[in-house]
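Heads up: the structure comes next, in structure tokens.
For the single chain, residues carry numbers from 1 onward in sequence order.
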Amino acid sequence: MSLSEASCYTIINAQETEPYNEMQLKLDLEKGELNVKIDTLKRVIQLLLNGERLPSLLMTIIRFVLPLQNHTIKKLLLIYWEIVPKTSPDGKLLQEMILVCDAYRKDLQHPNEFLRGSTLRFLCKLKEPELLEPLMPAIRACLEHRHSYVRRNAVLAIFTIYKNFEWLVPDGPELIANFLDTQQDMSCKRNAFLMLLHADQERALNYLASCLDQVNNFGDILQLVIVELIYKVCHANPAERSRFIRCIYNLLNSSSNAVRYEAAGTLVTLSTAPTAIKAAVSCYIELIIKESDNNVKLIVLDRLIALKENENMERVMQELVMDILRVLSATDIEVRRKTLTLAMELVSSRNIEEMVLVLKKEVSKTHNIEHEDTGKYRQLLVRTLHSCCIKFPDVAATVIPVLVEFLSDSNELAAADVLIFVREAIQKFPHLQELVIEKLLEAFPAIKSSKIQRAALWILGEYATSAKDIMDVIAIVNQTLGEVPIVEAEQRRLAGDESENDENKTPNAGAVPNNKVTSDGTYATQSAFSVAPVSKKVERPPLRQYLMDGDFFIGATLASTLTKLVLRFIDLEPNEKKQNRLCTSAMLIMSSILHLGKSGLPTKAITNDDMDRIFLCLKTLSQRTPEVVHIFKQSCRDALAGMLNAQNAEEQQTQKDKQKTAAKIQPDDPIAFTQLANGKNDQLGENVFESSLNQALAGTKNTTLSDVASPNNKLNKVTQLTGFSDPVYAEAYVHVNQYDIVLDVLIVNQTSDTLQNCTLELATVGDLKLVERPHPVVLAPHDFCNIKANVKVSSTENGIIFGNIVYDTTGSSNVVVLNTIHIDIMDYILPASCTDTEFRSMWVEFEWENKVSVNTTLTDLHEYLKMLLKSTNMKCLTPEKALSGQCGFMAANMYARSIFGEDALANLSIEKPLDRPDAPVTGHIRIRAKSQGMALSLGDKINHTQKCLQEKPVAA
């Protein structure tokens, strides 16, 4: 076996050093001072780990270093004996190792307990039975040592030896079982019980049965092993469940949080009884509340969310919604978000009212506490209450008054979510329209944001249908707009301010200058003329202030609202005089806004779009064309209803897609063999040990163990590094984990010569970092070996790994240059979703943009979008209904997130002439990201995909 494949349990980072001299090393080990010997021994260990053999130093170390009693030397020697080659080329044990074996025996009988324990730990790593056999009596004797550190390491040594070479200690389980009966130290009992669990489960079960009542008094390390034993035994033999499940119940009350977590996880896999699920879920909730670490809270919450996926467990968890809401006492926003999502999915008509009461209390708490995440938390609460009302309409009447208070909140995002909710509620629940209008009118004057006031105006204009409501809305508009005409009022205000300033200036002109004393004691004179005038902040009503600041979009919305209100009032009021009075007052307001926009008084003039909109409203009120009147009175509401129905349909489809089909096993169903299975869950529940191994192997993606082990999966990721005619053939299997890449390189010697110091030299481009340098190997003629290299990844962008293979033959040194390995960005990007508001805010915030032109032979817009989504791993946020049909152009938003938490946004704008069916799709894709690498890498990926598509027809 080559050195690169040899077992090694110790990794030491060796810095780049100057070439070594073997004679000098030998001299330093023989005659050097103690410190020199320590440094030299460290250097020898590093050289051995880098692939050097150094056989001549073995006897020198045995003669001059091994007899030393210095503890640092002893520690370093344990590492040296672990890595030094112990066999000759023909596989026989070296004669010198007999002397080393004697030194081991002396250390096992050393009076220092730390030295004994360290030696016992070292013996666990030995793979040579010839060295271990003479030491067995000394190892057994250590089981009776007075110090627990020696005893627990002796148990581990016996366990490892029994596992690897059973014939060296055939009575191992019996020896450890007797040892276990007499021990009081928890660490010794834990190691002994662990050995019985793996070596002789029957003895472990007998011991556990004899002390079932005392399990609660054991230490947590022993309790964890007991939980593992019960889990394995009950999975292998379900009939044993009734015997040990009571013990698991008791361990739910353990003083250790780790034990409680493992016990709860084991309980739900062993039993589906409602009492067991309730006990386990309650235990998880207590853990979340009591544990201070947010990472632990999130892990346990994820476990609860996973349990909810099981239909039987979900029914039981629905009764514990109020307990789950206790987790909201945590301050971390991510914990609160997951808690609210879980509670919203579990809530039922039986406990919705209690949940709404809790959420209302949480809402009231956020008014007094100012924290950096308070705004986000308010937004979460608003969205959750919104979902509650849509899911359970009966509670909407109690929720609306609480939420409308948020409209005056300084956090615009929370207020915007409230308006989205109010808009949906007033459309879906006609019986609540009066309540919503009343509360909106109360809150309207206190709204601080033009965006929120604009949306509130639209709702009031659309749903104020009675004459009283219409007059109330117009009254509140007049109150928040102030005196009209606006220009004349503002000019009077300016004229009044100037005359007031003139009056103030007159008495000051003859004012006597007053003397001031400066810091150095001299006098200075100050008069009214030397003081800079302070401009007074003019207090204006909110709507007028927005117009004076140049925000005329709200003026256009106001004109549209007034038009709707007047048109409805005309239908309701038979008195023509009242009709005309209201109509002229509305037209006066609109013309006043137009006049203000052109007057030069505001900071920004009115835009042409806003002016056209207000002119249209004036024209509608004066001419009242039936088609335009119908658009104002009915079509706007129909458009909203259509949008809400489309959103609901999409949400229902998403929910339906999430629901898993119940596993039904029919009499004629095929039997699933473990080796050929596709990861289907056991009938007894999920195997937690297999799933944890699965997660470690698969990284972020949902890959089962069978997928990871599948040969087809590996073959897809093999990259050929050299040609078949090269003297050294090499190919690499590239396995991408979450934050690192493992290169498994196969190197084949295709020559008839022995290749000395065959070294794989690698370098990287991009945010990739090579963790360690691969060791040199010696390849016999036509031999092969596997070399592994780890590469760390620190950000989402394309990376390149390149390098060469260097080797020595008789009298010459040779180099084979390797093909480059391209690391695909798609391994780190996962589809994700976000709201339109979040997408827009990120689009404005992100500074890096990459514009990619569409260059393809595809002629169908939808086909191009599918190709783009598949090649970039992005999710299309634009609803399917908005994209359906053929109109000659398409615009869509796409979103993805990397495993490093980086966001990527894309906007697709493509078109094709309808009169030319064979014309290719044209347009562009704009990509935005926070980092330059992400934006450029996604653009490169799109260009590469387009190029491949163009090459396929040519090749055909």
Side-chain angles (χ1 to χ4, degrees), residues 1-14 49-51 83 679 689-722 728-748 758-777 779 784-806 816-830 873 898-900 933 937 941:
M1 186 165 62
S2 66
L3 189 64
S4 65
E5 297 169 336
S7 299
C8 175
Y9 302 87
T10 308
I11 298 172
I12 297 172
N13 182 29
L49 287 172
N50 283 342
I83 61 174
F689 294 103
E690 181 176 312
S691 64
S692 61
L693 176 61
N694 174 8
Q695 196 172 0
L697 285 171
T700 53
K701 299 183 180 174
N702 295 327
T703 315
T704 59
L705 275 175
S706 55
D707 291 336
V708 174
S710 165
N712 294 333
N713 189 40
K714 280 194 171 187
L715 288 173
N716 290 335
K717 295 184 179 180
V718 170
T719 305
Q720 187 176 336
L721 300 179
T722 63
V728 176
Y729 174 74
E731 63 183 27
Y733 162 59
V734 183
H735 182 65
V736 179
N737 285 324
Q738 192 162 0
Y739 297 113
D740 65 329
I741 299 165
V742 179
L743 296 180
D744 189 352
V745 184
L746 169 71
I747 296 178
V748 182
C758 186
T759 310
L760 176 67
E761 295 182 345
L762 296 173
T764 58
V765 173
D767 277 345
L768 304 175
K769 184 183 176 186
L770 198 65
V771 177
E772 56 186 330
R773 207 175 111 230
H775 302 309
V777 292
L779 282 177
F784 66 90
C785 73
N786 283 74
I787 297 178
K788 289 192 178 179
N790 288 306
V791 179
K792 283 286 175 194
V793 186
S794 55
S795 75
T796 314
E797 61 176 84
N798 288 331
I800 297 173
I801 302 173
F802 62 96
N804 49 49
I805 295 174
V806 182
V816 177
V817 179
L818 303 179
N819 189 12
T820 55
I821 301 172
H822 291 269
I823 304 302
D824 195 352
I825 185 178
M826 291 305 108
D827 289 318
Y828 310 112
I829 289 183
L830 303 171
N873 274 6
S898 75
I899 59 173
F900 305 102
S937 299
K941 180 66 181 176

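- A donor-acceptor pair under 3.5 Å links the side-chain atoms of Thr722 to the main chain of Ala730, judged by distance alone.
- Inter-residue side-chain proximity for Val748 and Leu779 is flagged as unmet; no heavy-atom pair is nearer than 4.5 Å.
- Between Thr820 and Ile801, the closest side-chain pair of non-hydrogen atoms is not below 4.5 Å.
- For the side chain to side chain contact (heavy atoms under 4.5 Å, CB included) criterion with Val777, the lone passing option out of Ile787, Thr759, Leu760, Ile747 is Ile787.
- Considering Asp744, Val745, Ile821 as possible partners of Val734, the one that fulfils the side chain to side chain contact (heavy atoms under 4.5 Å, CB included) test is Ile821.
- Note that the NE2 atom of His735 and the CG atom of Asn790 stand 11.0 Å from one another [nearest 0.5 Å].
- Scanning for side chain to side chain contact (heavy atoms under 4.5 Å, CB included) contacts around Asn819 gives an empty result, with sequence neighbours left out.
- Residues Ile805 and Leu818 are in side-chain contact: their nearest non-hydrogen atoms beyond the backbone lie under 4.5 Å apart.
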Residue pair Leu743, Thr719: steps toward the side chain to side chain contact (heavy atoms under 4.5 Å, CB included) verdict: CA-CA 10 Å; Leu743 296 180; Thr719 305; over 6 Å; no
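- Using a 4.5 Å heavy-atom cutoff, the side chains of Phe802 and Val765 are in contact.
- Residues that satisfy the side-chain hydrogen bond (donor to acceptor under 3.5 Å, both in side chains) test with Glu731, not counting sequence neighbours, are Tyr729.
- In this structure, the side chains of Val816 and Asn804 stay at 4.5 Å or more apart for every pair of heavy atoms.
- Atom NZ of Lys769 is separated from atom OG1 of Thr764 by 10.0 Å, given to the nearest 0.5 angstrom.
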